[in-house]
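The structure under discussion appears below in the form of structure tokens.
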Amino acid sequence: MRCYVFPGQGTQKKGMGRSLFGRFPDLRGRADRALGYSVEELCLENPERRLSDTAYAQPAIYVVNALHWSAAQEDLPPADYFAGHSLGEYSALFAAGAFDFETGLTLVQRRAELMSQVSGGAMAAVVGVSEEIVEETLAQHDATGVVIANYNAPEQFVLSGSREELSRIKVVFEKVEGVRGFIPVRVSGPFHAPAMAPAAARFRSLLAAVDVGELRTPVISNVTGRPFGPDAREVRELLAEQIAKPVRWTDCIRYLRDAGVSEFTELGESKVLTSLIDRIATAQEPAPDPRRDLIERIKREILQPEIGDEALGFDEDASFRQLGLNSIIYVRLARRAATVLGVPIKPDVIFQHRSCAALADHLLTRDDVAPAAAPEAPPAPLRAYQDERVTALLRDCANGTLSVDRTIEAIRALA
């Protein structure tokens, strides 16, 4: 499956669209009439460095994206999905048929004007560390006015806030282990942050009068990381929210990959999104952690009923003893194991051995355990388990022949 993606603000540069303005003169003329000035001159000559001004940069990028889309319709196969980064979302919606070119350009021009009126802020990219480290660093240094505005890739985030706070926190991040850069973004305000809420509210009022048509091709929303629904009101609301809410680009791309998209084509004047998509695709997903999964099951299925919802707040990486399982869970599991197998099992053994962990998982799902053997019955050796097949499975699990998951499945099948 194929997805075309459109870049947003920050990708503007002098000379953009040079090869396409002459190829699509009708689109160029329509843009000039809607804007009231020559967009070709703006893009090719950048008079008075206007491309650095949000009010000019956003319409210019939208027009150039539309030129690339016109070329793609002639030169490339149809897309299964569209997506756009921030401003690029308007290009994606235009390509999908949500509105015509002029309507989209008018929306973008008004959006740019409203956003440019919010002053005193800036944005900067942090590269090289995880979301958790970024959040922890902001919290530890009381950067309350700085938020993550763009989740661009697993180790690339854009911060939004006041210039003073970003300047202060820049020194902090440059000392954090793993940070490869703290890079200012070419925008004129704290976009996709709470400071933009007034602009979002005014834009919402403008959007209320705009007709939004049915999308011919699914478009992924920056706000949700999922496709826009068929309800025009939802589309308008998400476009308004997007101004003051973070761009969840990583979620967008992961959704598309899960949906079967394997080919991404960036339509625009940069390869910024192509690079981000490559980083998202190659990022290592956390390896499954059987121990953590077991802890989660024990918390939900036994610990929570014993001590209440407080059990769910335990740190996933804490040891079983820190979770209080030695007093609550070890004993209970050991008793259930003894009931089923007819042999005494010390509580600590439940977690110390993989075989017992597998058995414990099996026992947690059973409510039909057999009555315990008579207390005076002598302990039975391993070879005398009630079911020799269970014994064999546990031995295979203990020596590594079978995985824990396969052992659990096999024991359940026997049950």
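Residue numbers start at 1 and run along the sequence shown.
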ring-ring contact (aromatic ring centres under 6.0 Å, His included): which pairs involve residues 4-26, sequence neighbours left out? none

Determine which pairs satisfy ring-ring contact (aromatic ring centres under 6.0 Å, His included) with at least one residue from residues 33-61, sequence neighbours left out, and list them in order. Tyr37-Tyr56

N/O donor-acceptor pairs under 3.5 Å from side chains in residues 141-156, not counting sequence neighbours:
unit_1	atom_1	unit_2	atom_2	d
Asn152	OD1	His85	NE2	2.8
Gln156	OE1	Arg279	NH1	2.5

Step through the shown structure and confirm whether more than 12 heavy atoms of other residues, nucleotides or ligands are within 6.0 Å of CD on Glu214. no

Partner set under side chain to side chain donor-acceptor pair (under 3.5 Å) for Glu132, not counting sequence neighbours: Ser130

Looking at residues at least two apart in the chain, or sitting in another chain, which of them share a ring pair (Phe, Tyr, Trp, His ring centres under 6.0 Å) with Tyr81? none

Do the side chain of Asn46 and the main chain of Arg50 share a donor and acceptor less than 3.5 angstrom apart? yes

List the steps, then state whether side-chain contact (heavy atoms from CB on, under 4.5 Å) holds for Met196 with Lys245. CA-CA 9 Å; Met196 302 302 295; Lys245 288 196 173 182; over 6 Å; no

Please name all residues satisfying side chain to side chain donor-acceptor pair (under 3.5 Å) with Glu48, sequence neighbours left out, ordered by chain then number. none

Any donor-acceptor pair under 3.5 Å from Gln12 side chain to Gly10 backbone: yes

Contact check, side chains of Leu273 and Phe264, non-hydrogen atoms, under 4.5 Å: no

Are the side chains of Pro7 and Val272 in touch, meaning some heavy atoms are under 4.5 Å apart? no

Using atom types as modelled, flag every donor-acceptor pair under 3.5 Å from a side chain in residues 90-100 to any protein atom, sequence neighbours excluded.
unit_1	atom_1	unit_2	atom_2	d
Ser91	OG	Asn65	ND2	3.1
Asp100	OD1	Glu102	N	3.4
Asp100	OD1	Thr103	N	2.7
Asp100	OD1	Thr103	OG1	2.7

Using a 3.5 Å distance criterion without hydrogens, assess whether the side chain of Glu269 forms a donor-acceptor pair with backbone atoms of Val64. no

Please find the pair of heavy atoms, one from Cys252 and one from Asn222, that lie closest to each other, and give the distance. SG-CA, 4.1 Å

Donor-acceptor contacts under 3.5 Å from residues 112-120 side chains, at least two apart:
unit_1	atom_1	unit_2	atom_2	d
Glu113	OE1	Arg110	NH1	3.2
Ser116	OG	Ala112	O	3.1
Ser116	OG	Glu113	O	2.8

Listed by chain and number, what are the salt bridge (charged side-chain N to carboxylate O under 4.0 Å, His left out) partners of Arg2, not counting sequence neighbours? Glu263

Restricting to pairs with a member in residues 157-172, which pass side-chain hydrogen bond (donor to acceptor under 3.5 Å, both in side chains), not counting sequence neighbours? Glu165-Arg168, Lys170-Glu174

Can you name the residues that form a side chain to side chain donor-acceptor pair (under 3.5 Å) with Trp69, not counting sequence neighbours? Gln73

Using the side-chain contact (heavy atoms from CB on, under 4.5 Å) rule, take Val179 and Thr137 through it: C-alpha gap first, then chi angles, then the decisive distance, then the call. CA-CA 11 Å; Val179 170; Thr137 303; over 6 Å; no

Decide whether Ser86 and Gln9 meet the rule of one side-chain donor and one side-chain acceptor closer than 3.5 Å. no

Pairs flagged by ring-ring contact (aromatic ring centres under 6.0 Å, His included) wherever residues 182-216 is involved - sequence neighbours left out: Phe173-Phe182

Is a donor on one side and an acceptor on the other found under 3.5 Å between the side chain of Thr11 and the backbone of Gly8? yes

